[in-house]
Amino acid sequence: MIKHPLTLVCSLTALMLAKPFSGYSQTAAPAELSITKFSGPAITPSPACLAVAPTGEVFVGVDMIGSLGKDPGKGRILKLVDTDNDGKMDQHTEFAMVDNPRGIIVMGNQVFVLHTTFSNETGKATGMALVVFEDKDGDGKADGAPKPLIEHLSNTKYIQERGTDHATNGIRMGIDGWIYIAVGDFGFHEATDRSGKKLTMLGGGIVRVRPDGTEMEVFTHGTRNVYDVAIDPYMNIFTRENTNDGGGWNVRFSHHLQSGEYGYPVLFQHFTDEIIPALADLGGGSGTGALFMSEPNWPEKYNNVPMMADWGRSMLYIHRVKPDGPTFTQKEEDFIALPQITDLDVDGSGRLYLSAWDGAGYSGSDTIGFVVRAVPNNWTYKPFPDLAKASADELVNLLKSPSAVARLNASQELVKRGDQQGIAASLKIASDAQLPLYARVAGLYTYAQASGKDGIPALVELTKDETIKEHALRALADRKALAAAVPVQPFLDALKDPSPRVHAAAIIGLGRLGHPETATALLQTKVPASFAAPVKDKEGPHATPNAAIVLPHLAVRALLELNAVDATVSAINSPNATLALWALRYMHDEKAVNGLIAAYKQSKDEKLKKQILTTLARLYKKEDAYDASWWWGTRPDSHGPYYKAVLWEGSPAIEKFLKQEAVKAGPARLDMFRELDARHRMEIAAFAPVKKAEPVAAKEPKIDLEKIKSKKGQVGKSSIEDVLLAVKQVKGDPAKGKILFTNQGCIACHSLSRSEKMKGPFMGQIGSIMNRERIAESILKPNASISQGFATVTITAKGNKSYVGFVTEETANKVVMRDITGAVYTVNTADILSRKELKTSMMPTGLANALSIEEFASLVSFLEQQKK
């Protein structure tokens, strides 16, 4: 009955109200911090993102298109200055005009911006681009047009149809000099960098690129809708991404390891043995901006932590991360409350700036939104130097600063200058065992970037230093363009290192260096007992930390990078068979198929033979080549292992062999082949399940909504404003509310338990997402806040058929819809002639009209308790 909103950019679970929040008064922070309102909606309405120069100038991305708007000309980047350092903006300039700004980085006189692009001729979106502006004269305005670094960095089809809500989002630079880009689950098709390199990604993850727009590559894959990344001084990357688990819209906190596969949507439920799981499922929410705070003038208990914004919960969280082998565990803590927080960043003096959407609506607003400044109570302003005027010695000293902001900006200035004295000094810092590790890492990456190929021998020498070995290995394999000059022996040696972090760096590095002969060493990576497929039809542990699975997972990804078909086939009948067969699941190569069949025939180990059959079943189909015409949905097909599976050259041989073995097995074992077929969706006719009488489906309650809304009780006779005021005063009885949930028709479109069939927006966690007032208003004004994925859709199909409802399931081949009466329809994709999303909610206005104020308050109280 209650509608969740379409979110700002990424997620789904939080409400955008037509009525604005009370704004700044809703801000709350620990007693150790002081918060001031930096700028209001007159200057910064609808702030989607922000970034801060180390010297304190704040660049805000104003986005009055919002997540669902489609009309260009409503976005801009503003530069705000606090001249007297009192926490309030004194001056501002319009730095540049861009639509849908989603991420900003300020580095010297360059401002990097990720935004949606539009055609001047048609006015329609043409994709997204990462661009860089320059302001060489320092007047606060960009010097002309931006230089594109990556173009087509999202799916144009879905941006045109829906807006930028699941597109490509935040950007942040690491101390390694790469720009890391948070890609939502629209993914992208043929994104093109400055060198002309093209890249396609089905779904979401993290992509990175050099600041000059070259060397674009996928860093991790398989997340739903990442808005931003937090990067610590040691290049650990964390995200708080929203995802759909098939019911409800939960948030995950993840640690991203390079090359890792996180599984959304096709692996993260039924093939969880193959993924790196998230560190935690945190319940309903909408992750937005992210920052790793590492500034010396911040209180210790709020420092050296990932700070993650959640737009849906209107909260900035701290995640206490604790090392766990090559990864981490975490514990979430409330930190700063801010209405619909979107982003955050910190300057070189320790001033933290946060932006609030503040209920600006689906398509932005020109009257709502603000930015605040947060500082420790004992904070005093300390000017940050003008790095362009700093000497090489001053820059080198800043590499040793306890401030992450100072180290990053000094590093990039040294790299830009190419000063030989500074390069030599950065190596000296990296080699100094007396310095803190953060300083040594900053020195190492500065040296690696500035010295290029010439620096390889010194980096190899640093792999002998136990303290910094992990980072030296990462730096050596960091640039694929230099891989041919990097020796593999330090990486092979590091495979035996007792440190799992060093071991992980060695595995990733070997995959990047591209020497197929190293596959034999990678295949020796041990696979833990936790490598086990979920029980049939049960969801696997996709958000439970599993440090033991990380190394073999990375080894499999490295073997795929090396295309090590021969080595993996040779290992099938060896002690390393488990890892080999895991890797072979993704090797759609006829040599792999022939090798698996030959190994099966040679083996007398029944357990191994069953694993080979499973691997062949997995290889029977493969993911179709992505052309950007299909894929995305708010409730995508998550059965797996593929989204749009197609046959390939190796399929006939697999089918023939499996059929032969099924005949040999006889009727008693045919069920095993049927299960393989069902699990991997092979659709081989010989393995079709035995037809059984269909169970009688439980009858859904049929609710006469017109009759309900025609009645006029206290709610129907009162203004919405009066009802909302009354609900604040009247608590109501949740037990009565539970009965009303059925009687008022809510049950027709909403589930309360994950064990129930998913219908419309899931109500089992509504109380953890919305407060009492927002729940009440969403009932009274359903058209003000339509849940993502549950707008009314009208479909016309062949045979003069038409359907109206919301989509409850979608695959590459079919669309399942549910109408307002609860009736369910399945439409074959091939039969669809037209599909249109309406702007009105399917939920009628007035379903609460017949209730008394006490009854309505009871319904709200019941829903407020739903926090599963």
Side-chain angles (χ1 to χ4, degrees), residues 29-36 38 50-59 82 85-87 104-108 170 172-176 180 228-238 289-309 316-321 333 335-336 338 341 343-355 371-387 390 394-395 397-413 429 435-443 445-446:
E32 297 94 329
L33 301 183
S34 173
I35 292 189
T36 55
F38 186 73
L50 62 77
V52 191
T55 44
E57 296 82 5
V58 182
F59 290 76
D82 176 7
N85 306 304
D86 67 348
I104 309 172
I105 297 171
V106 184
M107 193 57 60
R172 192 167 288 279
M173 183 178 285
I175 192 64
D176 59 358
Y180 289 81
D228 203 358
V229 296
I231 308 176
D232 80 1
Y234 312 106
M235 289 311 305
N236 293 299
I237 298 178
F238 303 98
L291 167 72
F292 192 94
M293 173 63 78
S294 185
E295 296 304 311
N297 49 4
W298 269 69
E300 184 178 350
K301 69 176 178 177
Y302 303 132
N303 203 22
N304 295 308
V305 289
M307 293 182 176
M308 318 296 282
L316 178 64
Y317 290 95
I318 280 176
H319 291 267
R320 304 287 180 190
V321 291
E333 295 178 11
F335 183 41
I336 296 176
L338 198 66
I341 178 173
D343 207 0
L344 65 157
D345 202 11
V346 66
D347 73 1
S349 186
R351 292 176 287 191
L352 177 66
Y353 293 88
L354 309 99
S355 53
V371 176
V372 299
R373 187 199 76 172
V375 293
N377 289 338
N378 61 356
W379 176 87
T380 56
Y381 173 67
K382 194 175 286 187
F384 192 85
D386 182 346
L387 298 186
E394 290 171 324
L395 293 173
N397 282 332
L398 284 174
L399 287 182
K400 296 181 281 188
S401 167
S403 163
V405 170
R407 296 194 302 272
L408 173 61
N409 285 271
S411 174
Q412 286 304 298
E413 180 65 24
I429 289 173
L435 289 174
L437 182 58
Y438 60 72
R440 299 186 68 186
V441 170
Y445 277 116
T446 304

Derivation of the side chain to side chain contact (heavy atoms under 4.5 Å, CB included) call for Leu435 and Lys400: CA-CA 8 Å; Leu435 289 174; Lys400 296 181 281 188; 3.9 Å; yes

Could you report the tightest heavy-atom contact between Val441 and Pro233, atom names first, then the distance? CG1-O, 3.5 Å

Name all residues meeting the side-chain hydrogen bond (donor to acceptor under 3.5 Å, both in side chains) criterion together with Lys301; count only those two or more places apart in sequence or in a different chain, and write none if there are none. Glu32

Under the side chain to side chain contact (heavy atoms under 4.5 Å, CB included) rule, what do Leu408 and Met173 come out as? Steps first, then yes or no, please. CA-CA 8 Å; Leu408 173 61; Met173 183 178 285; 4.1 Å; yes

Minimal heavy-atom distance between Val371 and Leu50, with the atoms involved, is CG1-CD2, 4.2 Å

Would you compute the distance between atom OG1 of Thr36 and atom CZ of Arg351 and round it to the nearest 0.5 angstrom? 10.0 Å

Any idea which heavy atoms bring Ala53 and Val106 closest together, and the distance? CB-CG1, 3.8 Å

With sequence neighbours left out, write down each residue that passes salt bridge (charged side-chain N to carboxylate O under 4.0 Å, His left out) with Glu413, or none if nothing qualifies. Lys416, Arg417

Is the shortest heavy-atom distance from the side chain of Leu352 to the side chain of Val375 under 4.5 Å? no

Quick one: does Pro306's side chain get under 4.5 Å of Leu291's, heavy atoms only? no

Has the side chain of Asp228 got a donor or acceptor atom that lies under 3.5 Å from a matching backbone atom of Ala290? yes

Applying side-chain hydrogen bond (donor to acceptor under 3.5 Å, both in side chains), name anything that partners Asp345, two or more places apart in sequence or on another chain. Arg172

Can you find a pair of side-chain heavy atoms, one from Val229 and one from Phe238, that are under 4.5 Å apart? no

So CZ of Phe335 and CG of Leu354: to nearest 0.5 Å the spacing works out to 8.5 Å

Would Tyr234 and Leu437 satisfy side chain to side chain contact (heavy atoms under 4.5 Å, CB included), going step by step from the backbone distance to the final call? CA-CA 9 Å; Tyr234 312 106; Leu437 182 58; 3.7 Å; yes

Among all residues two or more places apart in sequence or in another chain, which pass the side-chain hydrogen bond (donor to acceptor under 3.5 Å, both in side chains) test with Arg373? none

With Asp232, which residues qualify under salt bridge (charged side-chain N to carboxylate O under 4.0 Å, His left out), at least two apart? none

Distance (rounded to the nearest 0.5 Å) between Ile318 CD1 and Met307 CE: 4.5 Å

Decide whether Asn304 and Ser294 meet the rule of one side-chain donor and one side-chain acceptor closer than 3.5 Å. yes

Mark yes or no for whether Ser34, through its side chain, and Asn377, through its backbone, hold a donor-acceptor pair below 3.5 Å. no

Exam field: side chain Glu333 to backbone His319, donor-acceptor pair closer than 3.5 Å: no

Output for pair (Leu338 CG, Ile35 CD1), nearest 0.5 Å, gives 7.0 Å

Taking only residues two or more places apart in sequence, or in another chain, which ones meet Tyr353 in a side-chain hydrogen bond (donor to acceptor under 3.5 Å, both in side chains)? none

Can you find a pair of side-chain heavy atoms, one from Asp82 and one from Asp86, that are under 4.5 Å apart? yes

Would you mind reporting whether Thr55 and Asp347 have side-chain heavy atoms less than 4.5 Å apart? no

Check whether any side-chain heavy atom of Tyr445 sits under 4.5 Å from a side-chain heavy atom of Ile175, and report yes or no. yes

Side chain to side chain contact (heavy atoms under 4.5 Å, CB included), that's the test. Do Trp298 and Leu33 meet it? Break it down for me. CA-CA 9 Å; Trp298 269 69; Leu33 301 183; 3.6 Å; yes

Side chains of Ser349 and Phe384: does their closest heavy-atom pair fall under 4.5 Å? no

With a 3.5 Å distance limit and no angle check, can you tell me whether Thr446 reaches the backbone of Ala442 through a side-chain donor-acceptor pair? yes

Nearest 0.5 angstrom please: Lys382 NZ to Thr380 OG1, how far? 6.5 Å

Could you pull out the closest heavy-atom pair between Asp343 and Gly289, with the gap in Å? OD1-CA, 3.5 Å

For a quick test of reading the model, state the closest non-hydrogen atom pair linking Gly350 to Asn297 and the distance between them. CA-OD1, 3.7 Å

I'd like to check Arg320 versus Val305 (side-chain heavy atoms, cut-off strictly below 4.5 Å). Are they in contact? yes

Of all heavy-atom pairs linking Gly174 and Met235, the shortest is CA-SD, 3.9 Å

Euclidean distance, Ser401 OG relative to Glu295 CD, rounded to 0.5 Å: 7.5 Å

